[in-house]
Amino acid sequence: MEQGLNSDSNAPPGPVDKSRVYEVRPLRCLVPVFPNPPGMSSISTPNPSPFVCVPPSGPFPPGVQPFYPFLVSNDSQPTTTGGGAQNQSGNFGFGSSIPAPVPLNSFRTPTPQANGESSRAKRASKTRGSASVVIEDDGYSDSQNHSDQYVSGFSMHVADADDASNSGKRRGRPKKIKSGNGEDIDVESLVNNLLTLYKLKEFDDFRRSSGDKDTTGTVLLVFDLIRRKLSQLEEARDGTTGVARRPDLKACNLLMTKGVRTNNSKRIGHVPGVDVGDIFFFRMELCLVGLHAPSMAGIDYMSVKITLTEEPVAVSIVASGGYEDDDGDDCNVLIYSGQGGVQRRDGQMFDQKLERGNLALEKSLHRANDVRVVRGIKEAGSAAKIYVYDGLYKIQESWAEKNKSGCNVFKYKLIRQPGQPEAFSLWKSIQQWRDGNATRPGLIIPDLTSGAETQPVALVNDIDGEKGPAHFSYVPSLKYSQPFPASRPSSGCHCLGGCQPGDSNCPCAQKNDGLLPYSSIGVLLNTKPIHECGSTCACPPNCRNRTTQAGIKVRLEVFKTKNRGWGLRSWDPIRAGGFICVYAGDIIKVTAGDFENENDDNYIFDASRHYEPLEPVHNSAASKKAPFPLVISAKNNGNVSRFMNHNCSPNVFWQPVLRESNSDVFLHIGFFAIRHIPPMQELTYDYGIPAKADRGKKKCLCGSVKCRGYFF
DNA sequence: GTCCCTTCAACTAC
DNA sequence: CGTAGTTGAAGGGA
């Protein structure tokens, strides 16, 4: 299955260790031994010896000791005299006694029969499905208060969850949600509609077991749509506090029970449809695409049959800072702690055991199979954790050491396999650029906006010697001299603390079908033209219904592409639905009629063009019907969006954003992420096809499989 | 199949 | 902003 251990031509230089023993016979016949004194990390030794396997009775190579750290019972180790690690936790050795062969599964935890009473008590206190809330807030913290008001039709609670006490009774999973006026809102049908829309009804076993980019993309997309919809609906109910609400779990569960998932079967190595560098915002997303199956656990493993016996091997890990891992400078090295050793309830620590994931990692060390690594990143200033698929690693060595509580912890040193795209290391680099600890290579200007935006926008060229794009004036927004006329006069809202999702009296929410179009962190929830608050609204500038007015929130850079001139990309990860920027420039047309691009202006935004429906964006074709003919030129005046290139498979789309005041309507163009966009991935959108598509046609170099071959 | 257990979540409250 | 407390879902294993 996998190549031999030392066949890797890219292995780091160093003497080949002939003492390594690679037994074909089952490992249970071998005893792992460690070359270093117990408790000492081999990282710190000048010439670390590799982990070796020898027969349990010896002979041992010089400097190695038998490793029996966590013996749990005497009967599994008949010849020891010390009675196991509990009695001699400071000493991994065996003094003068040499142990007899012990199967590795002897290290497994004995079944906790003695704890029957406590587990019974735990069981009795556990109720199920009794939360009074089913539809959730958006996954990210909302600094604004929930409204206390009910919104008719959107306030929800679990239909059968009137009993929140610990009665001990188990309840079935509620499938329906009851609105405030007693009307059932069927989440099932909501989900079913989405599945039909995205053709996930006929999800076959092949797609389920083995994915591709389309499949993973669609599954993640529908997950996020459900999650966001649940959030939006829940926000519209009254603000229940003190209830842990997890739309991510519910969205995942809905999909899982319908079999909408991919890469269902575990595998060693890459997962089809997931690229190195792809980012995720929830652990459940890792489950759904088969990158990492456990919903919480850090180590995923599978059983592999070797000749007669089966043994576990690790397939993926999530390194998320849950244990006291060393955070070294080398992004290609990961020191990973084994699992267990801590009681989640009270934080009590005890020795880790060579079982489950730990055993699998140990086996994977010997089998030298690839292990996928997902890095969890906690961004400063953000409560959110982001997961980055960092590609394939191999386990180089393992050892045990004592943690701060004096308990034994397994450690595994993983080495990133060479030849993979930058992923986690890129995040580290960006962090350095941001902190000023390193200069962005190829940096020309730190901020080409000269402070016009809330975030600096770097100008970078690490391709050739060109010093920048042709001159233009940076303007952060669209300046109207002549707004569009409103069909009916609009009065602003009176939401002094900002528009709240539960406020049925807010006229701005009403314009958006009663639901605010943005989540609390500015993620777009709608697929219709957005009605934002305008100048006659009383809400403050940080109102969430002014998301596109608040300016750019991500750190962007304008960079020289290889073959498509200048482009735009982001240092920050961008969530699906996340706001990026508006299209700024000069309005050159606000009246009906065909627009003729007579000056071969390459910086035209034309809302009246035809746009192919974006499969990933629900109802995108309908939403692209801008209510007014708007043509913007960013040739002389513009913002970052003038650098966004065309792509036939874009990762950004635009939405009409309407801001009304009295009898005036100001139409703006907001750009949002179609899917999660990792840092430094070029931001592109579909330029669309003008009504007169006979001139100005340009050769498209987007390189996507769906490339039309040209753009305008 | 069921039930129980474990688990580098994600949230809210203080 | 740290952390303590709360509620969890999936999958392994018995």
Side-chain angles (χ1 to χ4, degrees), chain A residues 105 108-113 115-116 118-120 122-134 136-143 145-146 161 164 166 170 173 227 231 234 239-257 261 264-266 280-288 290 292-303 310 312 315-325 334-347 352-353 355-360 373-378 380-387 409 412 520:
Chain A
N105 59 12
R108 284 163 188 271
T109 324
T111 48
Q113 303 289 0
N115 288 347
S118 65
S119 66
R120 213 185 312 126
K122 219 184 287 178
R123 211 178 305 135
S125 68
K126 194 172 184 179
T127 56
R128 180 184 165 90
S130 57
S132 61
V133 174
V134 148
E136 306 299 311
D137 193 355
D138 182 66
Y140 285 84
S141 58
D142 185 356
S143 57
N145 295 325
H146 292 271
N166 287 345
R170 288 175 178 275
R173 165 161 297 282
R227 191 189 62 80
S231 300
E234 160 59 14
T240 306
T241 56
V243 184
R245 302 169 299 173
R246 296 287 300 275
D248 55 323
L249 299 184
K250 296 202 174 66
C252 179
N253 181 262
L254 284 163
L255 290 178
M256 286 245 178
T257 52
R261 57 188 307 182
N264 197 8
S265 56
K266 295 191 177 186
F280 305 87
F281 288 80
F282 292 93
R283 280 289 296 264
M284 285 306 171
E285 296 180 328
L286 305 180
C287 305
L288 285 169
H292 187 84
S295 57
M296 289 181 70
I299 306 167
D300 192 8
Y301 55 97
M302 64 187 284
S303 196
E310 288 196 351
V315 294
S316 64
I317 59 172
V318 175
S320 197
Y323 290 81
E324 306 159 1
D325 291 329
L334 172 64
I335 309 296
Y336 191 79
S337 296
Q339 61 188 187
V342 58
Q343 194 120 49
R344 271 195 160 270
R345 279 237 171 266
D346 49 14
Q352 289 188 346
K353 300 178 185 65
E355 60 182 13
R356 301 171 187 274
N358 300 344
L359 181 62
V373 170
V374 177
R375 303 262 197 168
I377 298 173
K378 185 101 185 274
S382 165
K385 197 180 267 181
I386 299 174
Y387 299 95
V409 175
Y412 301 88
S520 56

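We name chains A, B, ... by the order of the sequence lines, and we start the count at 1 in each one. Just so you know, these numbers use all the heavy atoms, side chains as well, and skip hydrogens, waters and symmetry mates.
The residue among K378(A) and S295(A) whose nearest nucleotide of DNA chain C is located toward the 5' end is K378(A). Nearest-nucleotide assignment on DNA chain C puts the 5′-proximal partner with M284(A), out of Y301(A) and M284(A).
Atom-to-atom, NE2 of H292(A) to P of dA9(C) comes out at 18 Å; the value is rounded to the nearest Å. Note: CG (L334(A)) to P (dC8(B)) measures 14 Å, nearest angstrom. L286(A) places its CG atom 14 Å from the C1' atom of dA10(B), with the value rounded to the nearest Å. Atom CG of N264(A) is separated from atom P of dG12(C) by 11 Å (rounded to the nearest Å). In this structure, CZ of R283(A) is placed 13 Å from P of dA10(C), rounded to the nearest angstrom. If you measure from atom CZ of F282(A) to atom C1' of dT7(C), you get 15 Å, rounded to the nearest angstrom. One interatomic measurement links the two molecules: CD1 of I299(A) to C1' of dT7(B), which rounds to 10 Å at whole-angstrom precision. Straight-line distance from the CE atom of M302(A) to the C1' atom of dG12(C): 14 Å, rounded to whole Å.
Residue side chain R246(A) reaches the base of dA9(B) through a donor-acceptor N/O pair under 3.5 Å, judged by distance alone.
If you check dG8(C), dA10(C), dT7(B) against the side chain of N253(A), the one that comes closest is dA10(C). With distances taken from any side-chain atom of L249(A) to the nucleotides dG11(C), dG8(C), dC8(B), the minimum falls on dG8(C). You'll find that the side chain of M296(A) is closest to dG8(C), out of dG8(C), dC8(B), dA10(C). When each of dA10(B), dG11(C), dT7(B) is scored by its nearest atom to the side-chain atoms of D248(A), the top-ranked nucleotide is dA10(B).
For L249(A), the side chain to side chain contact (heavy atoms under 4.5 Å, CB included) partners are R246(A), M284(A), not counting sequence neighbours. For S265(A), the side chain to side chain contact (heavy atoms under 4.5 Å, CB included) criterion is met by S209(A), R267(A), not counting sequence neighbours. Every residue was checked against the side chain to side chain donor-acceptor pair (under 3.5 Å) condition with Q339(A), not counting sequence neighbours, and none meets it. Remark: N358(A) pairs with no residue by the side chain to side chain donor-acceptor pair (under 3.5 Å) rule, at least two apart or across chains.
No contact: G357(A) has no heavy atom under 4.0 Å from any strand. Residue K266(A) is classed as a sugar-phosphate contact, given heavy-atom separations below 4.0 Å to backbone atoms only.
Inter-residue side-chain proximity for L359(A) and K353(A) is flagged as unmet; no heavy-atom pair is nearer than 4.5 Å.
Distances shown here put a side-chain N or O of R261(A) below 4.0 Å from the OP1 or OP2 atom of dG11(C). Contact between the side-chain N/O atoms of K385(A) and the OP1/OP2 oxygens of dA10(B) is not found at any separation under 4.0 Å. Regarding contacts with the backbone of dC8(B), every side-chain N or O of Y387(A) stays at 4.0 angstrom or more from both OP1 and OP2.
With S320(A) as reference, K385(A) is the one residue of K385(A), R375(A), R283(A) to meet the side-chain hydrogen bond (donor to acceptor under 3.5 Å, both in side chains) rule.
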- Taking Watson-Crick and G-U wobble contacts under 3.5 angstrom, with | marking pairs to another strand and [ ] crossing pairs, the secondary structure of DNA chain C is written .||||||.||||||

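Y323(A) places no side-chain N or O within donor-acceptor distance of the main-chain N or O of V409(A), the cut-off being under 3.5 Å.
Note that CG of L286(A) and CZ of F281(A) are 12.0 Å apart. Values are rounded to the nearest 0.5 Å.
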